[in-house]
Amino acid sequence: MSRLEAKKPSLCKSEPLTSEKVRATLCVLKGILTSSYGPSGRLKQVHSGLGGCVCTTSQSSALLSNLPVTHPILKILTTSTKNHVSCFSDCGLFTAILCCNLIENVQRTGLTPTTVIKLNQHLLRLCTHYLKSESCGCRIPVDFSSPQTLLCLVRSVVTSKPACMLTREETDHISALVLKAFLLTIPENTKDRLILGKSIIVPLKGHRVLDSTVLPGILIEVSEVQLMKILPIKKSDAFKVALFCSSLSGDLSDTGEGTVVVSSGVCLENAVLEQLLNLGRQLVSDHVDLVMCQKVIHPSLKQFLSMHRVIAIDRVGVALMEPLSKVTGTQPIGSLGSISPSSYGSVKDLCPAKFGFKHFLHLIPNEATICSLLLSNRSDTAWDELKLTCQTALHVLQLTIKEPCVLLGGGCTETHLAAYIRHKTCNEPESILRDNGCTQTELQLLTEAFCRALESVAGSLEHDGGEVLTDMKYGHCWSSQAESPSVVNWPDLLSRCGCGLCNSQEELRWSFLKTTQHPIAPQTCLPHEAIGSSNNLTLDCFTAKLSGLQVAVETANLILDLSYVIEDKN
Amino acid sequence: MAALGSAKAALQVTEVLETILSRCVGPEGRQVLCTKPTGEVLISRSGGCLLEALHLEHPIARMVVACVSSHLRKTGDGAKTFIIFLCHLLRGLHTVIDKEQDSLISKNIQTHRRHWKNCCQWKFISQALLTFQTQILDYIMDHYLSKHFLTIFSSSTEERTLCRSSLELLLEAYFCGRVGRNNHYFISQLMCNYFFKCMACESGFEEVFDLVDDYFVELNVGVTGLPVSDSRIIAGLVLHRDFSVYCPADGDIRIVIVTETIQPLFSASASEFILNSEAQFQTSQFWIMERTKAIVKHLQSQNVKLLLSSVKQPDLVTYYAGLNGISVVECLSPEEVSLIQRVMGLSPFILPQASSQYEICNTALVKFCKPLILRSKRYVHLGLISTCSFIPHCIVLCGPVQGLVEQHEGALHGAFKMLRQLFKDLDLSYMIQTSDQNHTSSPLTYKDSRESNPLPEIVNGLIQRPYQGTVVKNKGNLAKTQTYLKLYSNLVVPSVELETCIPCSTPKVTPTDTYQTNETLRCLAPTKTRTIDDNEPFIESNSANSTAENTEIEISSENLQVTKIAGKGNMLPVREKSLEMCTSQSYCCSTLPAGCVLPVGGNFEILLHYYLLNYTRKCQQSEESVVSMIIANALLGIPQVLYKSKKGKYSFPQIYIRTLRALQTSQPIVSSQTGLESVAGKYQLLTSVLQCLTKILTIDLVINIRRQPREMYDQDSDEEV
């Protein structure tokens, strides 16, 4: 009998946000996140004193998954960020920082949670309506006929991850590769639904970044010895492929719940082997050129196949099965008996390839949406970071196909949005007051808190001691060099805004982000035609940022609404 | 160790719980974060969840929590109100008792003796509470409160049609207390849309509630990382897994369900397969393959395009299925299978035994079957064609964190429970006392609400039997038949009692074992007789017979015939005798029709408070009036909490006075809040709290032991250890 132990009673704390300890830990977390934000963000080294690998990163996904968080409130914050990242890959830090800022600012106002939550929700609705509306001044439609916008988007993602340690030239190279890999996954002729293919990232560590490349089809890593056996590959215009998902090792599969009694002298191994060889004979007679198996192929069968100049590759692994069956057009075979001829597929060409010290067998398809992205970077940690970055960029491109527009980056969307909200609540407060049953002062206080939270996200892009400003016409975000003289001619000091759309030579007035902002009606910057041609913009993914904004406000609302924390101490 | 179980301790405990829970009550309530030992984080406003999460140690607290959770299982709502009401009741009791003690008990009595004395007093009070719950409450509900009730149906005619706007009001008020205040409107709209989408016809809504409540887990999908506003309703059923093989197909798709592997295995369980030669092995493998191929081919020939399997199928099956253009979904949970069966009326496909004979297998059609991708996870999406009044739809619930998604899931499930409860008639029955006061505590008093039908009826049967027995005993010979028949009709009588009736000697039946007796009984009387027999005295003395009761009378007359055949024939006089005994009291049975609602904001409590006060004024017995008084005052505690944050015109005293004035001048009551709540739920809550309170009051000593209290059956297990 197991020992039954009484459960310890839980610990119940009221008003958790008022405790000094919680505030301090929230502040520390915010510090970590803001200092990593943006292209000039500082890197974080996460390691354990016990040994193991060291992670150098500035990405939210790597940072938050490695950071041990114990307090339940912080746990909510980090989990919601992590969940957001796993859905959209991008804008994780934005979400987390905005959420921290909101909590901090709202607490300073001292309003009751009921009012705060209602108003926050209302302001969020204003934001999402504005961002989705046609009149939005910080949204740009994507023109798929020219690659400029997409390339800018990818480059913005790559540059915002400084832990990849890329030079300018390398950044351009990687951005181009990612875009090319993405374009290869788009099928040429689609019916009603667009089904994107897949880019498989192949590691190639310890080489120059410029050695990275992208190839159509699939690369299967093989040992040199194995490759020597295969070579030379006979030439033909198409190779017949068979792909097995069941094991070809001759093991006896599930025999049922009862017992199987084998009389002495009966050798099942021989029987099974005989069966495998029969299968081999069938494959040979069907003129199959390449046999691949997810699991293990029996050595005798391998030998038999190679004698008949059939290439056999086993232990492909479950991850490659779907791309392989897509590339070759085969149906994974689960039978050791007769094989239907319809389940064979084919590839256009089959050639050995060598990248660095690794040998690959390259399967070149006739027409498929699978490609391999060979990534190389100098060190292991930098490679990990680069891989994550490329995955993010590919995902962002996929999201952009679904919703063909992008947002201005470099903090411009945040300041523009803040200006819009200020303008809106200042000029049309009646409807908001009526809907939520609050006073004018409460609305003003909370609008200020909300807009400040947005602006300080933009402000956290600056890490080198420079000033962050906003202009009074478009509401874009500008940052100046550090240690600028006290009396300056701003147009000389500021050249371009954060996203790169506005020029300082225009007649503009600026104000510091930290000072009190006067409500302005932000204007749309440029006609959209001009945007397509400019190739040096900083852009953000629309879907990811919109959802990040919503998740941040919802999470902040949730945390502000907590009146108790019950901790189970078992 | 033993501690004196007193109401004082209970009061302390519930006061602590009240302070915690009262912050989450009502539209102004806030959220609570619970962590689990596994590190998961849960967000909750539901009282039941919080009480569980606290892991309370105090024995009385644990008992209270057990009472709350049993109440929640029934109704799915009202945990927080439960605690608040209980706390106020205990507080009220205390003040009353303290007063009495000061006047009654002299100071020099030893404390221990005083405790026992107290216990006696508590016991009287608990009995008074029980009388209140069984008699007065129903009376007041029926006579006074019922005229204030509103209905959720749009018209009061026979045709019951649900009114969408009232349902919205009801749900909004419910979610106000269950989910965060920024989401309650959205979630209640979502649920309302869901309900109306699922309902095939106006009359079938009860089936929809039953089905959704039973299969709630299968009918919703949680997605984390997206904002709550991305939650939506999807037509069809979403299975929480991916296709093993997917072959795209257009148009209506024929499906089958299997519950075993299609590929025959070497040996079934508890059997042996003897392999004598290699050739035998090869032929049997060949046979297995051919047979699998044949079955899949057969399915294809029946135009089956989708195979749903509750078990994992071998590679061979999925391969052949793929070759034949059949999509496969494996590892369905038993609940999913039974949901599909219930919605489509489809039973599992049974594999033909002999390889040659293939009969028509059980198939059904679905509108579509395609993969669904939610947050890069793949699901199977089926467009089931319903054969019942439930059109399958799924709710996709989104939220930034799992804890929030779970909260919304729990709230939605609770709402369906609440509605299920609401749409059942609530039977009220009570006794109107006429001149004869001696019968107040007659065992015949009975209360019956239809939701909890089986249990009270059995109890009634048990209570009633000795009573009838005593009547009949005087009648000598007849008595035997009467008791005998009584036992006859009672199918749940334990075998011991059956044995006692053997000496009563009827030639027809000589029961040797219980099962047989039951069977013969079934031959003699219809199965329903038990309930009918128990109710007979009431029915016949009832002045207001509803139609339902009329049918019961018909059956009971059948039953009479049966008794005539079985017994000595002269049963009727006996029954008349027993009726005469009853005439001094008249029993009223009435029904609260399904769908009764009241406006939110403590309306029910204030109304009941008002009428209870009126009742106590008329009441002669002191004990009853004291108890009613305490309950009436405790009821006010709930609106007090609800209006705590309101000021001025909407503060509690103002509203209270306004309502009372309106009641006295019999004007309509104006409620400041929109929103409705279920009367049946409130009634249930009241009775649950009173039952819990009687339980607390009847305990006199709490004994602390080291081990778990043992179950009765393993008394002799490990004595030596």
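Per chain, numbering begins at 1; letters A, B, ... match sequence-line order.
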| query | Looking at B:Leu56, B:Leu42, B:Ile43, which makes the most heavy-atom pairs under 4.5 Å with chain A? | reply |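 The option with the most such pairs is B:Ile43.
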| Can you tell which of B:Arg23, B:Arg30, B:His55 has the highest number of heavy-atom pairs within less than 4.5 Å of chain A? |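 So the answer, after comparing B:Arg23, B:Arg30, B:His55, is B:Arg30.
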Taking all atoms of both residues into account, what is the closest heavy-atom pair of [X] and [Y], and its distance?
| X | Y | answer |
| --- | --- | --- |
| A:Cys267 | B:Glu278 | N-OE2, 2.9 Å |
| A:Ile566 | B:Ala53 | CG2-O, 3.8 Å |
| B:Pro227 | A:Ser547 | CD-OG, 3.4 Å |
| B:Leu33 | A:Pro72 | CD2-CB, 3.3 Å |
| B:Val32 | A:Leu562 | C-CD2, 4.1 Å |
| A:Val551 | B:Pro400 | CG1-CB, 3.8 Å |

Mind checking whether [X] and [Y] have side chains closer than 4.5 Å, heavy atoms only?
| X | Y | result |
| --- | --- | --- |
| A:Thr79 | B:Gln402 | no |
| A:Cys12 | B:Ile20 | yes |
| A:Tyr564 | B:Leu21 | no |
| A:Val266 | B:Phe281 | no |
| A:Asn83 | B:Arg375 | yes |
| B:Asn182 | A:Asn120 | no |

Using non-hydrogen atoms and a 4.5 Å limit, figure out which bit of [X] sits close to chain A: side chain, backbone, both or neither.
| X | value |
| --- | --- |
| B:Thr318 | neither |
| B:Phe286 | neither |
| B:Lys293 | side chain |
| B:Val41 | side chain |
| B:Thr38 | neither |

Heavy-atom proximity to chain B below 4.5 Å, by part of [X]:
| X | result |
| --- | --- |
| A:Leu546 | neither |
| A:Glu567 | both |
| A:Ile73 | both |
| A:Pro113 | both |
| A:Lys118 | neither |

| task | Would you mind telling me which of A:Asn557, A:Thr114, A:Asn270, A:Val565 has the largest number of heavy-atom pairs within less than 4.5 Å of chain B? | result |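 Among A:Asn557, A:Thr114, A:Asn270, A:Val565, the one with the most close pairs to chain B is A:Thr114.
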| query | For the atom pair OG (A:Ser80) and CG (B:Leu226), what is the distance rounded to the nearest 0.5 Å? | reply |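 One finds 11.5 Å between OG of A:Ser80 and CG of B:Leu226.
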| task | Measure the CD-OG distance between B:Gln263 and A:Ser335 for me, rounded to the nearest 0.5 Å. | result | 9.5 Å
| message | Could you check whether A:Gln275 and B:Gln285, counting side-chain N and O atoms only, form a donor-acceptor pair closer than 3.5 Å? | response |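 Side chains of B:Gln285 and A:Gln275: pair found under 3.5 Å.
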| query | Does a donor on one side chain sit under 3.5 Å from an acceptor on the other, for A:Ser246 and B:Tyr319? | reply | no
| said: Please check if the number of heavy atoms outside B:Tyr185 that lie under 6.0 Å from its OH is greater than 12. | reply: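 No.
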| field | Main-chain N/O of A:Ala271 paired with B:Gln282 side-chain donor or acceptor, under 3.5 Å | value |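 Looks like yes, one N/O pair under 3.5 Å.
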